[in-house]
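Scroll down for the structure; my scribbles are underneath it.
Convention: sequence-line order gives letters A, B, ...; per-chain numbering from 1. Every value quoted in this text rests on a predicted model; they were computed, and no experiment measured them.
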Amino acid sequence: MSDRQLRALALPVAEAARMLIGCTITHGETSGAIVETEAYHESEPACHAFAGLTARTWPLFEAPEIAYVYRSYGVHALLNVVVEPAGVGAAVLIRALEPLSGIEQMRARRGRERPTDLCSGPGKLTQALGIGLDLNATSLLHGPIRLGPPLPGRGEPRVTIGERIGITRAVELPWRFCAAGNRNVSRPWPPGLVVGVA
DNA sequence: CATGGGATTGACT
DNA sequence: GTCAATCCCATGC
């Protein structure tokens, strides 16, 4: 992570979520570029931290640069980047990656062949990268999971902004960010959902 | 202490 | 389009 990237994690969560588009996630031999994120903040009821400091949510209130990994629907592990200063419950959900390396290992773990089936969803990408609940609250700077800056030569990705997916509360917040036109996003945009491009 | 509900996915009609 | 899997946690009695 560059100094600029590190400072971005202290920004308000929606800003951090947009900055993380294009950054890389690495675990072992597998890695990918982030193409879809969502912001979650303690002030709104879709965020786990809305419930306050509990046995489940405590990592959200730690200093940034650690992972928050939790079990979804009793089945999947979902990966978040904890952001904003310690004491503030906020995190960015990593919803999709563009596979970069270790693709054969991803195929083996996922039981799928097509590259767009490997990391095109928050539960898929943790399976493809071998990220489980045991990595909750671990450092994203020192590993085992590593967060890295965008690949050189790609330029600033165009980012589309819309409403978050799969939630029932605070649905109106425009806190979903996608690399424009990338085929690895978890779901295409329903007509009329896009509210802006950054 | 019982219960309900997901920041999802894949299989199936 | 529908639906089950599966389990931890938050909530409420």
With A:Val13, the side-chain contact (heavy atoms from CB on, under 4.5 Å) member among A:Val82, A:Val81, A:Val88, A:Val83: A:Val83
B:dA7 and C:dG1, which share atom name C1', separated by this distance in whole Å: 23 Å
Sole residue of A:Arg110, A:Arg112, A:Arg109 in side chain to side chain donor-acceptor pair (under 3.5 Å) with A:Gln127: A:Arg110
A:Ser186-A:Arg95 side chain donor-acceptor pair, cut-off 3.5 Å: yes
Salt-bridge contact A:Arg164-A:Glu38 (side-chain N to carboxylate O under 4.0 Å): no
Pairwise P distance for B:dG5 and C:dC3, with rounding to whole Å: 16 Å
A:His48 ring center within less than 6.0 Å of A:Tyr40 ring center: no
Where DNA chain B forms stems, i.e. three or more consecutive Watson-Crick or G-U pairs with both distances under 3.5 Å: B:1-6 with C:7-12, B:8-12 with C:1-5
Check: A:His142 main-chain N/O paired with A:Arg146 side-chain donor or acceptor under 3.5 Å: yes
Test item: side-chain donor near acceptor, A:Ser31 and A:Ser101, under 3.5 Å: yes
Reading 5' to 3' through nucleotides 6-13 of chain B, protein heavy-atom contacts under 4.0 Å coded B for base, S for sugar-phosphate only, - for none: BBBSSS--
Check ion pair A:Arg107-A:Glu113 (N to O, under 4.0 angstrom): yes
